Amino acid sequence: MHRWVPAIVLTAIVVGFLALLVYYGNRLPPPWCDDVFFIQPAENLARGKGMGTPVLDDLMPGIATRTYWQPPVYLLALAAWGKVAGFDLAAMRWFSRLVGALGLVLLFLSARQWGLPATVSLLPVLWVSLDLVYQYRSNIVRMDVLTATLVMATLLVFGKALRKGDTKLFALTGILAALASLCHFVSLPILTVLWSTLIVRRDFKALSAFLTPMLLGWSFWLVYAAQDWHAFLTQLRYQFALRAEIRANALRDLPSLLEWLMMTHWMDFWGILLSNEPPWILLMGMVLVGAAVRKGILAGWQVAVLVAAYLAAVIAPTGGLNYLPLFVPLGYLAVTRIFFVSFQRHGQRMILLALAALWTGCQFPRFYETVAFVPQLEADTYRFFRGLERHLPKGSTVLLRCFPDPYFHLKRHRPDITIYEMPPYPFEPNRMHRLLHRSDYYVWGEMLEGLRLPIPEEADYWQIRSPWLESYKIWLIPLHSSDRGKVR
């Protein structure tokens with residue numbers, strides 16, 4: 001096969017991936033408050049107004065002026081992108097799309113580095129491009145795909161640095177690791193494996209080159225944190241408290257625990273969209289057994305990275321599939337490596353081809369169902385957004401906690417309305433009560449946990465239909481009598 005054929009196929013996969021995300025476009029609505037939580041502080045930073053998130057008001061200390069619950073790299077990247085492309089939702093989503101496409105290219109390069117031929121290296125790239133969760137996270141404004149792409153770049157350079165023993169490459173690895181760790185904490189288990197590998201090898205010169213950029217980057221963030229230590233510690237405490245609560249709930253429920261460990265949630269975004277994840281815990285077991293039986297299939301540090309990525313993706317989630325992009329590319333890469341080594345003899349290659357075709361075929365039904373469902377979801381979302389826009393009285397204050405999130409639609413079409421968002425994190429009751437007292441209406445999606453209020457008989461609601469579950473209701477709840485009058 002000509003050398004340029006894999007490059008053409010890779011280009012086709014990446015272009016097809018981007019075309020699919022363009023089709024999704026804004027038809028896949030903001031899943032909830034995430035988009036605004038990242039766009040608002042980035043826009044404020046770019047406009048010289050600090051890095052606050054006023055839409056959260058004072059639900060978390062200092063959040064209106066300084067955002068600490070999210071490490072700064074993603075917000076800095078969004079601010080730089082927004083200065084060029086603008087801060088509307090469509091422009092911000094293009095940043096995620098391009099980063100997701102870059103992640104596919106880095107996955108191909110990593111597969112080549114892990115010893116796969118160019119043609120076989122296309123398999124994990126194809127599977128990740130068809131992965132619905134990777135698609136969703138590459139089409140919303142969240143840090144997940146950027147974190148995964150930075151980790152992939154870190155691993156790629158680290159592998160090259162180990163092979164060449166080049167201190168400059170270890171320093172570059174440290175820079176990428178600093179960016180990844182300050183994009184999201186979920187990358188830290190993987191990065192810990194890398195510097196631990198250097199300790200085991202007793203290569204302290206490389207370790208110093210690796211750790212120096214990381215320590216420098218974290219010191220800069222701590223300088224920013226020193227402006228308000230109370231807000232910094234409290235915002236992070238709220239973040240970790242939410243994760244601890246979700247993990248505790250999973251441990252108390254055996255079916256939930258098994259689903260959690262296997263990362264095979266059938267649904268995403270509270271049942272509105274499908275996912276097509278394989279039973280990862282079974283595949284992980286197969287990879288680990290294969291690596292133990294056949295020495296040399298995977299290096300020790302590669303096995304440790306794979307386990308760390310799996311644990312990070314399992315432990316970190318906040319009730320969804322947000323962090324799967326960190327693990328899924330590495331998971332598919334390891335599975336492909338195991339199968340390739342096991343069936344690389346000429347007479348066994350048809351088995352490898354059959355397994356690849358089987359899994360690709362298994363991904364397509366849910367992939368097709370999701371693509372076909374997008375127009376209906378777009379219609380339901382538009383009806384909800386337009387209905388809410390018409391129902392809210394002039395000058396009212398509204399508190400949002402729903403999927404899809406109407407924040408950007410209301411900001412564009414109803415600038416007279418004051419909007420607050422309710423985050424999923426725990427917060428002090430008195431702060432919540434103050435915000436409820438100032439708000440006229442509460443928009444609540446019935447599947448979401450958190451603040452549940454009595455629903456009066458006259459309350460309006462909209463339905464988001466799903467072909468897989470019962471319809472999902474979004475309620476517009478009047479909070480108290482007001483001179484502005486009732487809804488309807």
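Small disclaimer: the values here were computed from a predicted structure and weren't measured.
- Legend: residues meeting ring pair (Phe, Tyr, Trp, His ring centres under 6.0 Å) with Tyr68, ordered by chain and number and at least two apart, are Tyr224, Phe232.
- With sequence neighbours left out, the ring pair (Phe, Tyr, Trp, His ring centres under 6.0 Å) criterion links Phe108 to no other residue.
- Applying the salt bridge (Lys or Arg N to Asp or Glu O under 4.0 Å) rule to pairs touching residues 410-420 yields Arg414-Asp416, sequence neighbours excluded.
- Not a single ring pair (Phe, Tyr, Trp, His ring centres under 6.0 Å) links Phe210 to another residue, sequence neighbours left out.
- For residues 179-188, no residue pair satisfies the salt bridge (Lys or Arg N to Asp or Glu O under 4.0 Å) rule, not counting sequence neighbours.
- Both tests hold for Arg142 against Tyr323: distance to the six-membered ring centre under 6.0 Å, angle to the ring axis within 45°.
- Thr381 meets the side chain to side chain contact (heavy atoms under 4.5 Å, CB included) test with Pro29, Leu377, Phe385, Pro404; sequence neighbours excluded.
- With rounding to the nearest 0.5 angstrom, the CG atom of Leu306 is 6.5 Å from the CG atom of Leu330.
- Classified by interplanar angle (parallel below 30°, tilted 30° to 60°, perpendicular above 60°), the ring pair Phe403/Tyr472 is tilted.
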Derivation and outcome, side chain to side chain donor-acceptor pair (under 3.5 Å), residues Thr147 and Ser187: CA-CA 7 Å; Thr147 304; Ser187 62; over 6 Å; no
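- Among residue pairs with one or both ends in residues 123-132, those qualifying as side-chain hydrogen bond (donor to acceptor under 3.5 Å, both in side chains) are Trp127-Thr360; sequence neighbours excluded.
- Contact between Met214 and Ser181 at its shortest, heavy atoms only, is CE-OG, 3.9 Å.
- Contacts of Pro72 classified as side chain to side chain contact (heavy atoms under 4.5 Å, CB included), with partners at least two apart in sequence or in another chain: Met51, Leu76, Leu182, Trp221.
- Of the options Arg137, Gln135, Arg97, a side-chain contact (heavy atoms from CB on, under 4.5 Å) to Val145 is made by Arg137 and by none of the others.
- Partners of Tyr23 according to the ring pair (Phe, Tyr, Trp, His ring centres under 6.0 Å) rule, which considers only residues two or more places apart in sequence or in another chain, do not exist here.
- Screening residues 77-104 for ring-ring contact (aromatic ring centres under 6.0 Å, His included), with sequence neighbours left out, gives Trp81-Phe95.
- Under the side chain to side chain contact (heavy atoms under 4.5 Å, CB included) criterion, Ala90 pairs with Asn26, Asp88, not counting sequence neighbours.
- For Pro365, there are no side chain to side chain contact (heavy atoms under 4.5 Å, CB included) partners two or more places apart in sequence or in a different chain.
- Atom CZ of Phe373 sits about 14.0 Å away from atom OH of Tyr368, to the nearest 0.5 Å.
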